[in-house]
Structures are given as C-alpha cells and as structure tokens.
**Student:** 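Structure below; questions to follow.
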Amino acid sequence: MNMQLIQLLALAGIAVYLILKLRGVLGTRDGHEGARADLAKPVNTRPTFEVIEGGPDEDITDHAAEGSEAANALLGMKLAEPSFAVTDFLQGSKGAYEMILMAFENGDLESVRSFLSDDVYEAFASVVEARKEQGLSIEVEFIGVRETGLMGASFNPVDSRGEVDVRFVCELISAVRDANGEIVEGNETEVKRQRDVWTFGRTMGSTDPNWQLVATGE
C-alpha cells in the first residue's frame, strides 16, 4: 500500500468521525420533531418597547398644563381641525402681531382689515381718527418680538369656535409728535419694551385659514 492510499484512508476516517460527532450534537430531523429553539429562531437581543396609545399631545402640553381648561380647549380645536398645530400657530402669531401693530401705529388699518374683528377694527379706527383730529403723528420702529406665550384658550364645540390668548413682549422705538413736530410722548432714540395680550379667534375647520384679532389687553 503506497503512501497516497494511506493518506486517503486516513482522511476518510476523519470525515466519518466528524459526521458521527455532529449528528450526536445536532440530532436528526424526521419531519415530526419540533424545531429546536436555539437553531430555528434567532435570539432577539434588541430591547422591546411597549407602544402606548392615547398619550399626552406634546404640541399642547408644551404650552398648556395637561388637563387644564386651555389644554382641553386646544384638544377640541385639534379634533375639529386635525391640521391645527399650537406651536405653528404661536409662531405665526408673532408675524400677525407685528403686522397689525405697525398698521395701527401708522394709521393704515385697511391693510389688515381681514385680520381684525369688527369690534377691534372700530376701536382701532377711533384711536387713529382721534390722533388725526389732534394733529398727532407717530414715528415707530419695530425691533422685534422678544417673548411669546399662550395665556389661555377656549373652544365651543357647538359652532367650532376657538379662541387663543397670546402674550407678546416686544421692543420698539416710538415717538409721538404734535402738529408742530415737537415730541409729546416717547423718544426717537430710546428702545422701550411693550407688553400685550391679544386674543385671536377662528372657526375651526372652516375654509378661511386666517385668524382674527378679537380682543386686546395687557
């Protein structure tokens, strides 16, 4: 027997030994045996998380205490108009505040007429008219809104009417001059801080996306 044949027989013997060894470890399958858990199913090492539905809406709780009257009102608005977002509304209200305030100071209420309720428009118009009768003019420079916060909200499910109270803190420079050009109020170089609480209202779910200013206060 030559050396090559001896090597082949040795390799064959090793192969038979390995097959028998593996069958002893893994076992055999005859079609009726249940799958071995450690082989048929990979071990899941990733953590599992329970999905909890109906949790608090952070778009609301970021601005109003959970369960408060304001939070419940905001929830009602969202149910009436699912696309409504409190955070987006407050962001947009800053632009509306500047636009309406500057229109009032400059006596140009017609440019913002669609954003004012009838009562607010008439109140603003009476002030503008009184300034004209007294020969007063206003020079104003809007610096910016420094703070914005939701102060309250209400919702009427009968007519889907929603109202939101927003507090604004802005900085501006203003000076009121008389008919002779003399400053009678304010300062043309001094930055002052002004605080307002405005109430915006709208029928939720309506085709008109614009909110109207329905009340003002401090």
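Throughout, numbering of the chain's residues begins at 1 and tracks the sequence. Only heavy atoms go into these numbers, but all of them, side chains included; no hydrogens, no water, no symmetry mates. Just so it is clear, the structure is predicted and the values come from calculations on it, not from any experiment.
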**Student:** Could you see if V169 belongs to whatever hydrophobic cluster contains L90? Use Ile, Leu, Val, Met, Phe, Trp, Tyr and a side-chain cutoff under 4.5 Å.
**Tutor:**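 As far as the 4.5 Å side-chain criterion goes, L90 and V169 are not connected within one cluster.
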
**Student:** Can you tell me if T61 uses its side chain to pair, donor with acceptor, with the backbone of E66 under 3.5 Å?
**Tutor:**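 Answer holds: no.
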
**Student:** Could you tell me whether the side chains of N187 and T189 share a donor-acceptor contact shorter than 3.5 Å?
**Tutor:**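 The criterion, which ignores hydrogens and geometry beyond distance, is satisfied for T189 and N187.
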
**Student:** Side chains of E110 and Y121: is there a donor and an acceptor less than 3.5 Å apart?
**Tutor:**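 Short answer, yes.
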
**Student:** Which residue is it: D57, D62, I60, L75? I am looking for the one with a side chain to side chain contact (heavy atoms under 4.5 Å, CB included) to V86.
**Tutor:**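 When D57, D62, I60, L75 are each tested with V86, the side chain to side chain contact (heavy atoms under 4.5 Å, CB included) holds only for I60.
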
**Student:** Can you tell me how far apart CG (L172) and CD (E98) are? Round to the nearest 0.5 Å.
**Tutor:**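 Rounded to the nearest 0.5 Å, the CG-CD separation comes to 10.0 Å.
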
**Student:** Using the rule that Ile, Leu, Val, Met, Phe, Trp and Tyr join whenever any side-chain heavy atoms are under 4.5 Å apart, tell me whether V191 and F142 fall into a single cluster.
**Tutor:**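 They do not share one cluster, since no chain of ILVMFWY contacts under 4.5 Å joins V191 to F142.
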
**Student:** Can you get from I138 to L136 by hopping between Ile, Leu, Val, Met, Phe, Trp and Tyr side chains that sit under 4.5 Å apart?
**Tutor:**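 Yes, it is one cluster - the side chains of I138 and L136 are joined through contacts under 4.5 Å.
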
**Student:** Parallel under 30°, tilted from 30 to 60°, perpendicular over 60°: which one fits the rings of F104 and F124?
**Tutor:**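 Tilted, since the angle between the ring planes falls between 30° and 60°.
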
**Student:** Do E190 and I173 have side-chain heavy atoms sitting under 4.5 Å apart?
**Tutor:**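 A side-chain contact under 4.5 Å is absent here.
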
**Student:** State, with a plain yes or no, whether a side-chain heavy atom of T148 is found less than 4.5 Å away from one of S93.
**Tutor:**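 Yes, side chains in contact.
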
**Student:** Applying side chain to side chain contact (heavy atoms under 4.5 Å, CB included), name anything that partners S68, two or more places apart in sequence or on another chain.
**Tutor:**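 S68: side chain to side chain contact (heavy atoms under 4.5 Å, CB included) contacts with A64, A65, A70, A71.
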
**Student:** Taking atom CD of E171 as the centre, report whether more than 12 heavy atoms of other residues, nucleotides or ligands fall under 6.0 Å from it.
**Tutor:**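 For E171, atom CD is crowded (more than 12 foreign heavy atoms under 6.0 Å).
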
**Student:** Can the ring centroids of Y97 and W198 be said to lie less than 6.0 angstrom from one another?
**Tutor:**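 Centroid separation for Y97 and W198: below 6.0 Å.
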
**Student:** Where do W211 and F115 land on the side chain to side chain contact (heavy atoms under 4.5 Å, CB included) test, with the steps shown first?
**Tutor:** CA-CA 6 Å; W211 290 77; F115 300 100; over 6 Å; no

**Student:** Could you check whether any side-chain heavy atom of L74 comes within less than 4.5 Å of a side-chain heavy atom of K78, counting everything from C-beta outward?
**Tutor:**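 When only atoms from C-beta onward are counted, K78 and L74 do not touch, as no gap falls below 4.5 Å.
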
**Student:** Do NZ/NE/NH1/NH2 and the carboxylate oxygens of D108 and R113 come within less than 4.0 Å?
**Tutor:**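 Judged by the 4.0 Å cut-off on N to carboxylate O distance, D108 and R113 do not form a salt bridge.
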
**Student:** Evaluate the side chain to side chain contact (heavy atoms under 4.5 Å, CB included) criterion for residues K192 and S174: first the C-alpha distance (whole Å), next the side-chain angles of each, then the deciding distance (0.1 Å), finally the verdict.
**Tutor:** CA-CA 8 Å; K192 73 171 185 177; S174 67; 3.5 Å; yes

**Student:** What distance do K132 atom NZ and S137 atom OG have between them, rounded to the nearest 0.5 Å?
**Tutor:**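 Separation between the atoms: 12.0 Å.
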
**Student:** What pair of heavy atoms forms the shortest contact from L116 to V120, and how long is it?
**Tutor:**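 So the minimum-distance heavy-atom pair works out to CD2-CG1, 4.1 Å.
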
**Student:** Let's go through T199 and V164 carefully: what are the C-alpha distance in whole Å and the side-chain angles of both, what is the deciding distance for side chain to side chain contact (heavy atoms under 4.5 Å, CB included) to 0.1 Å, and is it a yes or a no?
**Tutor:** CA-CA 5 Å; T199 301; V164 183; over 6 Å; no

**Student:** Restricting to non-hydrogen atoms, name the atom on D165 and the atom on A153 that form the minimum distance, rounded to 0.1 Å.
**Tutor:**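 What the structure gives for the nearest pair is OD2-N, 4.5 Å.
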
**Student:** Which distance, rounded to the nearest 0.5 Å, do you find between the CZ of F84 and the CG of D59?
**Tutor:**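 F84 atom CZ to D59 atom CG measures 7.5 Å (nearest 0.5 Å).
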
**Student:** Should E182 and R177 count as an ion pair when the cut-off is N to O under 4.0 Å?
**Tutor:**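 No, no charged N to carboxylate O under 4.0 Å.
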
**Student:** Once rounded to the nearest 0.5 Å, what's the spacing between atom CD of E105 and atom CD1 of I100?
**Tutor:**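 Rounded to the nearest 0.5 Å, the CD-CD1 separation comes to 12.5 Å.
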
**Student:** Does V140 share a hydrophobic cluster with L109, counting links as ILVMFWY side-chain heavy atoms below 4.5 Å and allowing steps through other members?
**Tutor:**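 The answer is yes; both residues are in one hydrophobic cluster.
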
**Student:** I'd like to know whether V166 forms a side chain to side chain contact (heavy atoms under 4.5 Å, CB included) with M151, so could you lay out the CA-CA distance, the side-chain angles of the two residues, the decisive distance to 0.1 Å, and finally the verdict.
**Tutor:** CA-CA 5 Å; V166 185; M151 299 295 290; over 6 Å; no

**Student:** Using 0.5 Å steps for rounding, measure from the NZ atom of K94 to the CZ atom of R146.
**Tutor:**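 Going from NZ on K94 over to CZ on R146, the span is 10.0 Å.
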
**Student:** May I ask whether V214 and V197 are part of the same hydrophobic cluster, defined by side-chain heavy atoms of I, L, V, M, F, W, Y residues being less than 4.5 angstrom apart, directly or through others?
**Tutor:**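 No: no chain of side-chain contacts under 4.5 Å links V214 to V197.
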
**Student:** By salt bridge (charged side-chain N to carboxylate O under 4.0 Å, His left out), which residues pair with R195, not counting sequence neighbours?
**Tutor:**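 Not a single residue meets the salt bridge (charged side-chain N to carboxylate O under 4.0 Å, His left out) criterion with R195.
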
**Student:** Check this for me, if you would: do R202 and E81 make a salt bridge, where the nitrogen-to-carboxylate-oxygen distance has to be below 4.0 angstrom?
**Tutor:**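 Salt bridge flag = yes for E81 with R202.
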
**Student:** Would you give the length of the straight line joining atom CD of Q212 to atom OG1 of T203, rounded to the nearest 0.5 angstrom?
**Tutor:**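 One finds 9.5 Å between CD of Q212 and OG1 of T203.
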
**Student:** Is the shortest side-chain heavy-atom distance between E163 and R161 below 4.5 Å?
**Tutor:**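 Touching, per the 4.5 Å side-chain cut-off.
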
**Student:** Could you go through the side chain to side chain donor-acceptor pair (under 3.5 Å) check for S206 and D208 one step at a time?
**Tutor:** CA-CA 5 Å; S206 69; D208 185 356; 6.0 Å; no

**Student:** Between Q194 and D196, is the side chain to side chain donor-acceptor pair (under 3.5 Å) condition met? List the steps.
**Tutor:** CA-CA 7 Å; Q194 177 170 310; D196 293 294; 2.9 Å; yes

